[in-house]
**Student:** 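Structure provided below as structure tokens; questions to follow.
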Protein chains: 2
Amino acid sequence: MTVKSEQTRQLVAGVALRMFREIGFAKTTMRAIAAEAGVSVGNAYYYFASKDDLVQELYLQVQAEHAARAAEALKDAADLTSRLRATLHTGLDAMAPYHRFGGDFIATAIRPTSPVNPFAAGSTAAREASLDIFRTAVEAAKPPAPKKLRSDLPELLWLFYMAVTLFWVYDTSDGQQRTRRLVDGAVPLITRGLSLARVPGMGRILDDFLSLSRSIRG
Amino acid sequence: MTVKSEQTRQLVAGVALRMFREIGFAKTTMRAIAAEAGVSVGNAYYYFASKDDLVQELYLQVQAEHAARAAEALKDAADLTSRLRATLHTGLDAMAPYHRFGGDFIATAIRPTSPVNPFAAGSTAAREASLDIFRTAVEAAKPPAPKKLRSDLPELLWLFYMAVTLFWVYDTSDGQQRTRRLVDGAVPLITRGLSLARVPGMGRILDDFLSLSRSIRG
DNA sequence: CCTCGAAATTGAACGTGTTCAAGAAAACTA
DNA sequence: TAGTTTTCTTGAACACGTTCAATTTCGAGG
């Protein structure tokens with residue numbers, strides 16, 4: 001009964017995500033989702049083990065949107081600065097409809113036991129997909145990033161992206177323009193900082209940084 | 001009825017914090033707290049507007065503990081490296097009893113509307129108290145930190161402390177030794193990085209970084 | 001000592017996320 | 001087709017955080 005089943009699943013997910021956007025996380029109760037979708041509460045739980053699982057669904061959808069937008073924007077961006085800027089801005093674009101819901105989203109995602117947690121062992125697939133966007137941004141850049149940190153760069157930039165997301169959640173300025181300015185200001189700083197990797201005397205401290213960063217992750 | 005009233009408040013808070021430590025956040029229900037303290041549920045709510053408010057109480061207590069331990073440890077630490085290391089380690093010491101509860105704590109604290117949120121406008125007092133610990137660590141350091149960023153340093157280090165805390169929450173290693181090693185590795189890197197502020201050619205990028213950091217906060 | 005307003009305390013009630021035994025519908029087997 | 005197993009669906013029930021009208025306790029003024 002795969003097809004009808006998938007229909008119900010999509011129906012519930014669709015209703016839930018729309019309600020998340022329109023009335024926020026707290027007001028979107030499981031009972032309201034079920035009622036709006038025309039199914040029973042228990043049936044919604046048959047497809048989504050918890051309300052957090054619906055957030056996971058949202059996370060995947062936003063991520064897919066980010067990947068699509070980034071791929072498009074990266075077509076005409078050659079140097080790392082513009083590639084990175086494009087990647088971050090498209091990420092913000094993908095999240096934009098859910099800003100009012102950002103606080104609850106982050107609170108859900110950050111809990112170590114959450115299925116959405118981007119750092120947790122469970123959601124490796126989702127994190128890898130997100131990381132891939134940054135890998136693409138770095139790998140195809142011309143001129144290329146310094147050899148020494150090319151392999152670590154995607155993860156570090158992804159971490160920066162997480163920090164930007166956190167900032168965005170707290171950003172109450174119109175259209176989150178403050179976050180946009182943060183990105184525009186920080187990206188050139190990052191790429192300029194990267195070129196410092198090549199100046200002599202810098203090698204040792206960079207090596208130490210990379211080795212610490214690796215030992216922490218590994 | 002100030003005295004009896006304060007007694008009840010302390011009783012509820014004490015029971016709650018002990019239960020948080022012993023059985024975690026989720027299992028510590030308001031009903032269980034009330035029962036254990038020998039009061040009614042409604043009475044607990046008379047003193048604490050929400051369960052989150054009890055987390056706020058915990059936050060204040062941990063912070064006071066941190067301040068006390070840091071003050072002691074900073075007595076025999078002169079250079080910035082050891083002062084910073086002491087400040088961070090005493091912070092971890094103060095949190096230690098609540099590690100199993102860290103995930104829920106962070107999830108509560110990170111919600112923009114939470115009274116505990118360290119970034120939110122509401123909890124300025126709590127954040128300032130925490131910031132002061134880092135101000136002390138920086139200001140009394142010998143030799144002093146580079147003039148140019150001395151005033152920004154406490155806030156930046158506090159931000160780093162927040163990041164370390166986040167890492168600590170996810171750290172499941174024995175006694176969170178991984179976080180300890182992160183601190184021990186990162187602190188010398190930070191102080192070495194600071195001394196780079198004085199090498200020529202570095203000035204411009206540092207200025208840009210500081211001006212971005214200020215414009216973002218202001 | 002008595003009275004009265006304020007402070008403190010109670011517990012039932014509400015809406016929430018989640019569970020689960022029961023049943024209906026579909027798919028499969030012969 | 002008839003019987004059987006698997007998948008899907010239901011809604012009542014549970015424990016939770018939180019609210020609030022009612023009640024008790026307290027302290028001050030007469």
Side-chain angles (χ1 to χ4, degrees), chain A residues 1-17 19-20 22-58 101 103-105 107-111 113-117, chain B residues 1-17 19-20 22-58 101 103-105 107-111 113-117:
Chain A
M1 206 224 251
T2 335
V3 48
K4 172 102 186 300
S5 181
E6 187 59 23
Q7 264 179 10
T8 310
R9 199 199 134 90
Q10 292 298 337
L11 175 63
V12 171
V15 167
L17 264 58
M19 293 184 82
F20 282 159
E22 291 176 359
I23 62 175
F25 182 74
K27 286 185 187 165
T28 303
T29 69
M30 292 301 287
R31 283 168 180 79
I33 295 171
E36 185 83 9
V39 302
S40 70
V41 191
N43 201 13
Y45 274 94
Y46 182 78
Y47 293 101
F48 300 95
S50 64
K51 199 178 170 184
D52 283 10
D53 262 41
L54 283 164
V55 173
Q56 161 82 336
E57 193 72 13
L58 165 58
F101 164 56
D104 296 292
F105 177 56
T108 299
I110 211 164
R111 186 172 279 114
T113 58
S114 163
V116 202
N117 188 313
Chain B
M1 206 225 250
T2 335
V3 48
K4 172 98 186 301
S5 181
E6 187 59 23
Q7 265 178 9
T8 310
R9 200 198 134 89
Q10 292 298 337
L11 175 64
V12 171
V15 167
L17 265 58
M19 292 184 82
F20 281 159
E22 291 175 0
I23 62 174
F25 182 74
K27 286 186 186 165
T28 303
T29 69
M30 291 302 286
R31 285 168 177 79
I33 295 170
E36 185 84 9
V39 302
S40 69
V41 191
N43 201 16
Y45 274 93
Y46 183 76
Y47 293 101
F48 299 95
S50 65
K51 200 178 171 186
D52 283 10
D53 262 41
L54 283 164
V55 173
Q56 162 81 336
E57 193 72 14
L58 164 58
F101 164 57
D104 295 292
F105 177 57
T108 299
I110 212 162
R111 186 171 277 114
T113 58
S114 163
V116 203
N117 187 313

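Everything numeric in this text was worked out from a predicted model, so none of it was measured. Chain letters run A, B, ... following the sequence lines, proteins first and then strands; every chain starts at 1. Computed from heavy atoms alone, side chains included, the values below leave out hydrogens, waters and symmetry copies.
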**Student:** Applying side chain to side chain donor-acceptor pair (under 3.5 Å), name anything that partners A/Tyr47, two or more places apart in sequence or on another chain.
**Tutor:** A/Ser5

**Student:** Can you list, by residue number, the residues of residues 23-31 of chain B that have a non-hydrogen atom closer than 4.0 angstrom to DNA chain C?
**Tutor:**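 By residue number: B/Arg31.
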
**Student:** Is A/Thr8 near enough to D/dC8 that one of its side-chain N or O atoms lies under 4.0 angstrom from OP1 or OP2?
**Tutor:** no

**Student:** Please lay out, stage by stage, how B/Thr28 and B/Phe101 fare under the test side-chain contact (heavy atoms from CB on, under 4.5 Å).
**Tutor:** CA-CA 11 Å; B/Thr28 303; B/Phe101 164 57; over 6 Å; no

**Student:** When you measure from the side chain of A/Asp52 to the backbone N and O of A/Ser114, does any donor-acceptor pair fall under 3.5 Å?
**Tutor:** no

**Student:** Strictly below 4.0 Å, heavy-atom distances to any atom of DNA chain C: list the hits from residues 38-51 of chain B, or just say none.
**Tutor:** B/Val39, B/Ser40, B/Gly42, B/Asn43, B/Tyr46, B/Tyr47

**Student:** C/dG17 P sits how many Å from A/Asp53 CG, rounded?
**Tutor:** 14 Å

**Student:** Are any side-chain N or O atoms of B/Asn117 and backbone N or O atoms of B/Ile110, one a donor and one an acceptor, separated by less than 3.5 Å?
**Tutor:** yes

**Student:** Nearest whole angstrom, please: distance from the P of C/dA8 to the CD of B/Gln7.
**Tutor:**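 So the two atoms are 12 Å apart, to the nearest Å.
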
**Student:** Is A/Glu57 salt-bridged to A/Arg9, cutoff N-O under 4.0 Å?
**Tutor:**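 A salt bridge links A/Glu57 with A/Arg9.
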
**Student:** Search all heavy atoms of A/Ala44 against all heavy atoms of A/Met30 and return the closest pair with its distance.
**Tutor:** CB-CE, 4.3 Å

**Student:** Walk me through whether B/Leu54 and B/Ile33 qualify under side-chain contact (heavy atoms from CB on, under 4.5 Å).
**Tutor:** CA-CA 11 Å; B/Leu54 283 164; B/Ile33 295 170; 3.9 Å; yes

**Student:** Which heavy atom of B/Ser50 sits nearest a heavy atom of B/Tyr45, and at what distance?
**Tutor:** CA-CE2, 4.0 Å

**Student:** Please state how far atom CD1 in B/Ile33 lies from atom C1' in D/dA15, giving the value in whole angstrom units.
**Tutor:** 15 Å

